[in-house]
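One structure below.
Lettering of chains follows the sequences in order, A, B, ..., and the numbering in each one begins at 1. Keep in mind that what you see is a predicted model, and the values were worked out from it rather than measured.
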2 protein chains.
Amino acid sequence: MTENPKQSVRGAALRKLVLDTALERFSRDGYFNTSIHDIRRQAGVSIGSIYHHFGNKEALAKALYDDLLQRMDAGLAEVMGRESDCRARCDGIIAFLFEAAIEAPQAMRFVLEARHREFLPDEPPVCSSQPFQRMRECIEQGIGRGEVRPMEVPVAATAAFGGAIRLLHLHLDGVLEQPLAHYLAETQEAAWRAIAMTPADRP
Amino acid sequence: MTENPKQSVRGAALRKLVLDTALERFSRDGYFNTSIHDIRRQAGVSIGSIYHHFGNKEALAKALYDDLLQRMDAGLAEVMGRESDCRARCDGIIAFLFEAAIEAPQAMRFVLEARHREFLPDEPPVCSSQPFQRMRECIEQGIGRGEVRPMEVPVAATAAFGGAIRLLHLHLDGVLEQPLAHYLAETQEAAWRAIAMTPADRP
DNA sequence: GTCTATAAGATGATAGAC
DNA sequence: GTCTATCATCTTATAGAC
């Protein structure tokens with residue numbers, strides 16, 4: 001049985017195809033419910049090619065994970081470069097997360113929902129990854145500049161983005177009545193109120 | 001090889017022992033990294049007993065899940081009965097979640113972090129479960145009474161509890177510098193500010 | 001680099017004695 | 001109700017031809 005007729009897909013393109021297929025299956029069924037043979041079948045390539053490019057299943061997941069985290073980080077970096085004050089940055093970050101969840105729900109699901117500890121045991125928790133660290137830095141700067149109330153940084157960071165992330169989960173779980181974008185402005189406003197320095201907070 | 005010498009643990013006690021063991025392993029290694037044989041070995045019972053009491057692995061996970069959700073819901077119900085105004089209820093709910101995460105981290109990890117969809121495919125998402133619905137109701141009532149700003153309910157609910165839940169994740173991932181309790185008051189305050197009706201919001 | 005066929009091991013589940 | 005022994009299947013991974 002020929003898997004990849006005339007080997008029309010080869011090299012880097014084959015690698016990309018396998019990654020895309022893995023993302024779809026991992027995000028839909030989970031890492032453990034997806035066998036290498038599932039990916040092989042759906043991608044229409046041979047199991048030998050998959051092992052040639054990635055070595056083993058865990059390394060395939062890790063390649064995917066690194067790729068997605070890097071793309072997410074690039075998006076956040078862009079926001080941080082574009083905006084300068086803390087409110088605008090928080091708004092931009094939340095808007096970016098929403099857009100990403102709308103346009104690339106599978107990627108978002110894999111980054112946000114997957115329990116990476118269970119299949120990438122040597123990986124630090126997601127919350128220690130670059131994108132999440134960037135969010136924390138944004139808030140830390142905001143505190144330093146007096147735009148955000150003085151608070152413990154983990155509290156401020158989770159207060160700022162926890163609501164949005166939680167709403168992202170609801171969206172990905174398909175339990176929201178309205179499209180995600182409908183909730184954007186209110187989510188940004190609530191996030192900022194949670195941490196904003198108000199006149200009454202000044203000493 | 002005798003597993004349960006003289007069958008000292010039997011009936012309901014055996015069932016409980018299996019559930020406790022399953023919780024520890026599922027929460028530490030994940031559902032898919034835990035085999036029935038692992039649970040059998042650690043609990044010191046026979047595989048036959050496990051299948052007698054639960055039928056299959058998925059049903060074991062479901063029994064555990066239902067049990068934990070019910071306990072969590074009971075805790076939230078207690079808070080709702082004790083407090084009447086929305087701010088006190090939100091504070092109480094967050095305090096309860098923190099206490100539960102401190103005293104029963106394995107249970108919290110299984111309820112909050114596990115991807116139940118992947119091993120309980122017929123179960124609705126956690127966010128639709130009783131405890132989470134209760135939180136949403138609390139906020140909805142707060143809006144109705146004018147204690148919370150008029151907002152989309154999903155936004156208000158995630159804004160109120162998303163930060164706390166996110167911080168719980170950080171705690172369970174072991175990335176917080178301080179003990180969780182240290183962050184309680186600030187988390188409650190930030191949660192309330194995110195949704196509170198202020199004089200300036202009144203028309 | 002890609003392919004097919006196969007190996008080696010683990011897993012969920014069952015049968016049947018006590 | 002609990003036990004041991006065993007099964008059938010699936011999974012990851014490798015070998016070796018092209």
All side-chain contact (heavy atoms from CB on, under 4.5 Å) counterparts of B:Gln106, not counting sequence neighbours:
B:Leu23, B:Glu24, B:Ser27

Is B:His52 near enough to D:dG1 that one of its side-chain N or O atoms lies under 4.0 angstrom from OP1 or OP2?
yes

Under 4.0 Å between a side-chain nitrogen and a carboxylate oxygen: does that hold for A:Arg89 and A:Asp85?
no

Within residues 11-35 of chain B, residues whose heavy atoms come under 4.0 Å of DNA chain D
B:Gly11, B:Leu14

Selection residues 68-84 of chain B - residue pairs positive for side-chain hydrogen bond (donor to acceptor under 3.5 Å, both in side chains), sequence neighbours left out:
B:Asp67-B:Arg71, B:Asp73-B:Arg134, B:Glu78-B:Arg82

Identify, with sequence neighbours excluded, every residue that meets salt bridge (Lys or Arg N to Asp or Glu O under 4.0 Å) alongside A:Glu189.
A:Arg87, A:Arg193

A:Phe54 has an atom CZ; how far is it from atom C1' of C:dT2, in whole Å?
14 Å

When the distance from CD1 of A:Ile50 to P of C:dG1 is rounded to whole Å, what number comes out?
16 Å

Assign the ring pair B:Phe119 / B:Phe26 to parallel, tilted or perpendicular, where the plane angle (0 to 90°) is split at 30° and 60°.
tilted

Quick one: list whatever passes side-chain contact (heavy atoms from CB on, under 4.5 Å) with B:His182, sequence neighbours left out.
A:Glu152, B:Gln178

List the residues meeting salt bridge (Lys or Arg N to Asp or Glu O under 4.0 Å) with A:Arg15, not counting sequence neighbours, and say none if there are none.
none

Expressed as a whole number of angstroms, how long is the span from A:Arg40:CZ to C:dG1:P?
21 Å

Which nucleotide in the list D:dC3, C:dC3, C:dT2 gets nearest to the side chain of A:Val45?
C:dC3

Test of understanding: with side-chain hydrogen bond (donor to acceptor under 3.5 Å, both in side chains), list the residues that count as partners of B:Asp173, not counting sequence neighbours.
none

Whole angstroms only, please: what is the CZ-P distance between B:Phe119 and C:dT11?
17 Å

Applying side-chain contact (heavy atoms from CB on, under 4.5 Å) to B:Ala185 and not counting sequence neighbours gives none

What is the distance from CZ of B:Arg41 to C1' of D:dC3, rounded to the nearest Å?
17 Å

Would you indicate, yes or no, if D:dT2 has its OP1 or OP2 atom less than 4.0 angstrom from a side-chain nitrogen or oxygen of B:Ser46?
no

Whole angstrom value for the distance that separates C1' of D:dC3 from CG of B:Asn4:
9 Å

Going 5' to 3' through nucleotides 13-18 of chain D and flagging B where a protein heavy-atom sits under 4.0 Å of the base, S where only the sugar-phosphate is that close, and - otherwise, we get BB----

